[in-house]
**Q** 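Quick one: structure below, then a few questions.
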Amino acid sequence: MRKLTRRKQEPEYKPLFADIKKHDTMNYKLTILLAVITLTALGQKNRTVELRWKIEKNEKLNYQTIMSNIDTTKFEMNFGKAFQALFDSANNEASETQKLVKSFGKALQNTDYVTTLTNKGRGIIDITMLASQKDNSNESLKDTSGNEDAKILKMIQSLNKGVVLRGSVYETGGIHSFWVKSNQKNLIAVFFELPKKPVKIGDTWSIDINLISNDQNFSCDSSYKINEVTLIDIKKEKGETIAVLKYNIAEYVHGFFTFPSLSGDGSDQETMMKFTHQAIAEFSVDKGRWVSYEGIMTLDATGYMTAQKKTRFALVSE
């Protein structure tokens with residue numbers, strides 16, 4: 001007798017996603033949308049931009065340049081026995097120095113700065129910073145404690161008129177004016193130096209800055225330095241490509257400062273100095289200039305110089 005075999009039933013073919021409910025379809029669409037967004041973000045992260053100055057031949061790019069104290073500044077000098085061989089009243093000399101420093105600070109608070117960038121040709125951008133007294137500076141002179149302070153303020157303010165910084169950078173970002181003094185090069189680096197090659201989000205580079213400078217009388221036992229500028233974002237604003245930069249600068253030294261003495265037995269003063277500079281700046285890749293720049297520089301020092309200072313560094317396009 002022949003055995004009957006049951007024929008295996010073929011599976012019924014159904015179109016892909018035929019059984020997916022409506023809310024599952026929505027979830028699927030959202031998944032696809034998120035995938036597209038993720039891919040776009042990854043593409044943006046890997047995108048490189050070139051930051052370079054774009055200033056026309058006859059153009060003058062002006063920035064109101066803010067370098068003002070934003071808290072009570074403390075500054076004292078402790079010379080110890082440094083000048084006792086030369087002066088009978090070393091403490092009086094130090095006191096006069098501190099008064100001069102305070103008067104100088106008052107003068108700076110009453111000073112406006114405007115920095116102008118021009119195209120010098122041959123791929124070089126000229127930088128000139130001008131200083132002038134604020135409109136209310138005469139009123140501030142009335143607030144001084146004595147006639148001597150007023151005289152010092154007037155003298156310093158008159159010296160501050162005119163050019164206080166001359167320098168230059170390459171259109172491609174590096175500092176051109178290698179011959180300027182260290183403090184002037186620091187200003188150029190902080191405000192106007194750009195990366196010398198294309199960068200992408202997450203890339204870091206250093207700037208030509210050296211905030212601490214000591215001579216042979218300082219013996220260092222510990223130190224560190226951080227010199228990083230990072231591209232943290234690339235965004236679009238009104239069709240314009242904007243690169244967002246973060247500045248993280250820190251310099252620290254600790255050691256002993258030896259005061260020279262004519263008798264040969266100089267004294268040692270334990271000394272610490274720390275500078276930091278933190279800033280966020282936005283640069284227009286298309287127009288080749290700063291859209292905004294806002295930073296804070298701090299100084300903390302103990303020893304032969306005691307200082308606590310916090311200064312706002314900002315650029316405002318005019």
Side-chain angles (χ1 to χ4, degrees), residues 53 55 59-73 75 100-120 124-141 143-144 152-169 173 175-177 179-194 207-211 229 245 247 249 275-284 287-299 307 309-318:
W53 295 103
I55 301 174
E59 182 183 4
K60 289 186 177 181
L61 177 59
N62 295 323
Y63 287 103
Q64 180 186 353
T65 307
I66 300 169
M67 296 179 290
S68 59
N69 296 335
I70 59 176
D71 63 357
T72 302
T73 299
F75 189 94
L100 183 61
V101 169
K102 289 180 179 179
S103 297
F104 185 75
K106 291 179 183 178
L108 292 181
Q109 287 296 97
N110 291 308
T111 304
D112 282 329
Y113 299 94
V114 175
T115 305
T116 302
L117 278 64
T118 55
N119 191 331
K120 191 177 181 179
I124 298 170
I125 302 298
D126 258 1
I127 301 169
T128 305
M129 185 184 294
L130 294 173
S132 62
Q133 294 180 18
K134 291 182 179 179
D135 293 337
N136 63 350
S137 59
N138 290 329
E139 295 180 7
S140 67
L141 293 177
D143 298 331
T144 55
I152 293 175
L153 277 173
K154 287 181 178 179
M155 178 189 70
I156 295 175
Q157 287 176 335
S158 65
L159 292 174
N160 274 338
K161 291 181 180 179
V163 178
V164 295
L165 171 66
R166 292 187 193 274
S168 50
V169 293
I175 294 180
H176 170 259
S177 53
W179 55 85
V180 298
K181 290 184 176 180
S182 179
N183 58 347
Q184 296 214 326
K185 185 184 286 187
N186 288 340
L187 283 177
I188 296 171
V190 163
F191 280 133
F192 304 110
E193 187 177 358
L194 299 173
I207 57 177
D208 191 358
I209 187 171
N210 187 34
L211 296 170
V229 186
L245 279 59
Y247 288 73
I249 309 295
F275 272 98
T276 67
H277 180 69
Q278 304 286 324
I280 296 291
E282 297 187 353
F283 189 87
S284 171
K287 295 181 179 179
R289 60 199 62 196
W290 290 121
V291 176
S292 65
Y293 186 107
E294 192 71 42
I296 301 292
M297 183 175 289
T298 64
L299 165 62
K309 185 177 181 181
K310 187 178 293 185
T311 306
R312 179 189 176 202
F313 275 67
L315 294 174
V316 180
S317 181
E318 291 193 336

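All figures in this text were calculated on a predicted structure; none of them were measured in a lab. Numbers for residues simply follow the sequence, beginning at 1.
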**Q** Applying side-chain hydrogen bond (donor to acceptor under 3.5 Å, both in side chains), can you list everything that pairs with E318, at least two apart in sequence or on another chain?
**A** none

**Q** Mind checking whether I296 and K310 have side chains closer than 4.5 Å, heavy atoms only?
**A** yes

**Q** Please report the interatomic distance NZ(K309) to CZ(F275), rounded to the nearest 0.5 Å.
**A** 8.0 Å

**Q** Would a 4.5 Å heavy-atom cut-off, applied to side chains only, mark T65 and L165 as touching?
**A** no

**Q** Which residues satisfy the side-chain hydrogen bond (donor to acceptor under 3.5 Å, both in side chains) test with S317, sequence neighbours excluded?
**A** none

**Q** What distance do S68 atom OG and Y113 atom OH have between them, rounded to the nearest 0.5 Å?
**A** 10.0 Å

**Q** State which residues pass side-chain hydrogen bond (donor to acceptor under 3.5 Å, both in side chains) with E193; sequence neighbours excluded, sorted by chain then number.
**A** K196

**Q** Measuring from D112:CG to L130:CG, what's the distance to the nearest 0.5 Å?
**A** 11.5 Å

**Q** Please answer whether the main-chain N or O of N186 pairs with a side-chain N or O of N210 as donor and acceptor at a distance below 3.5 Å.
**A** no

**Q** Among residues at least two apart in sequence or on other chains, which ones pass ring-ring contact (aromatic ring centres under 6.0 Å, His included) with F283?
**A** W53, W290

**Q** To the nearest 0.5 Å, what is the distance between CD1 (I125) and CD1 (I127)?
**A** 8.5 Å

**Q** Using the ring centroid of each side chain, check whether F192 and Y293 are separated by less than 6.0 Å.
**A** no

**Q** Work out which heavy atom in V180 is nearest to a heavy atom in R166; give both atom names and the distance.
**A** CG1-O, 3.5 Å

**Q** Name all residues meeting the ring-ring contact (aromatic ring centres under 6.0 Å, His included) criterion together with F313; count only those two or more places apart in sequence or in a different chain, and write none if there are none.
**A** F191, H277

**Q** Could you give me the CA-CA distance, side-chain angles and deciding distance for L211 and M297, then say whether side-chain contact (heavy atoms from CB on, under 4.5 Å) is met?
**A** CA-CA 11 Å; L211 296 170; M297 183 175 289; 4.1 Å; yes

**Q** Evaluate the side-chain proximity of E59 to N119: yes if any heavy-atom separation is below 4.5 Å, no if none is.
**A** no

**Q** Applying side-chain contact (heavy atoms from CB on, under 4.5 Å), name anything that partners T276, two or more places apart in sequence or on another chain.
**A** A250, K274, T298

**Q** Just how far is it from atom OG1 of T311 to atom CG of N69, taken to the nearest 0.5 Å?
**A** 4.5 Å

**Q** Which heavy atom of G295 sits nearest a heavy atom of A279, and at what distance?
**A** CA-CB, 3.6 Å

**Q** Return the set of residues passing side-chain hydrogen bond (donor to acceptor under 3.5 Å, both in side chains) with Q64 (not counting sequence neighbours), or none when no residue passes.
**A** none

**Q** Not counting sequence neighbours, which residues clear salt bridge (Lys or Arg N to Asp or Glu O under 4.0 Å) with K120? List them please.
**A** none

**Q** Closest approach of V164 and A131, non-hydrogen atoms and distance?
**A** CG1-CB, 3.7 Å

**Q** Could you check if a side-chain atom of L187 sits within less than 4.5 angstrom of a side-chain atom of M67, using non-hydrogen atoms only?
**A** yes

**Q** Quick one: list whatever passes salt bridge (Lys or Arg N to Asp or Glu O under 4.0 Å) with R312, sequence neighbours left out.
**A** E294

**Q** Just jot down the side-chain contact (heavy atoms from CB on, under 4.5 Å) partners of T118, sequence neighbours excluded, or say none.
**A** K60, T116, D126

**Q** With side-chain contact (heavy atoms from CB on, under 4.5 Å) as the criterion, how do I249 and V190 come out once you've worked through the C-alpha distance, each side chain's angles and the decisive distance to 0.1 Å?
**A** CA-CA 10 Å; I249 309 295; V190 163; over 6 Å; no

**Q** At their closest point, which heavy atom of S177 faces which heavy atom of I188, and how far apart are they?
**A** OG-CD1, 3.7 Å

